[in-house]
Amino acid sequence: MPTTLLIDLDDTLFDERQYVDSGFRFIAGNMAYLFDLSAGDVYDHMQKLLAREGRGQIFDHTLEAFGIEPKPEIVAGLVRRYRTHAPSLGFFPGVREALDELKATYKLALVTNGHVAMQARKVAALAAENWFEVVVFCDKLGHPKPAPEGPLAACKLLGVKPRNALMVGDNPETDGGAARAAGMGYLRINTARFAATASDAPSVATFADVPAYLRGL
Ligand SMILES: [Mg+2]
């Protein structure tokens, strides 16, 4: 029986697309101001590129589409502003109630990959410090999941043994891999993004189902 839950952030507690949408809206406003464009048109174009090409060079290609040369210093500035904008975010349905319930029984740590300034703003936007004793930014350690350093650092900060911790997250490769490497269990949250990734890990449909799953252990 675990005493401690190490919980992933993006696509486990909230829909990461919310952050992308919020960032696109912010950057569209920036581009509109800098280059005298329509923020709505720029935003729509970025969403179209995301759907068509996926992530990567959306800002470069959007500038090009509006006839602006995507100079590296301009793109770098936009990326920095995207990562440091104050996002407007909300949890998936039922997450708040589930965290309230889990907090009464378990030690909770948030263990997240990603650009540190960006992840810190997500944590602040969700007021996650209300539920988590410890927040570990794996990239700050230089060892993103599936490396075990993040989960192990969380255990150390909480004073618990890895075997008494359970990693909870949507990505079987990073979250599941880190749990395995750190010698702890893993519970998969089956959000759509990694639905095609095969895993024999126990799973629940959404984070809201975690309390019932743990009561059944
Ligand atoms: Mg995730």
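Every heavy atom of this structure was used, including side-chain atoms; hydrogens, water molecules and symmetry mates were not. Both ligands and their constituent atoms are indexed starting at 1 by order of listing.
Put simply, the side chain of Pro202 does not reach to within 4.5 Å of the side chain of Arg188, judged on heavy atoms.
Within the 2.8 Å limit, Asp170 places at least one N, O or S atom next to the Mg ion (ligand 1). Checking Asp8 against the Mg ion (ligand 1), an N/O/S atom falls under the 2.8 Å cut-off. Between the Mg ion (ligand 1) and Asp10 there is an N/O/S contact shorter than 2.8 Å.
Annotation: cation-pi pair Lys122/Phe14 absent, no NZ/CZ under 6.0 Å from the ring centroid and within 45° of its normal.
Exactly one of Val111, Asp8, Ile189 qualifies for a side chain to side chain contact (heavy atoms under 4.5 Å, CB included) with Val168. That residue is Ile189.
Proximity of a side-chain donor or acceptor of Asp139 to a complementary backbone N or O of Gly142 within less than 3.5 Å is not detected.
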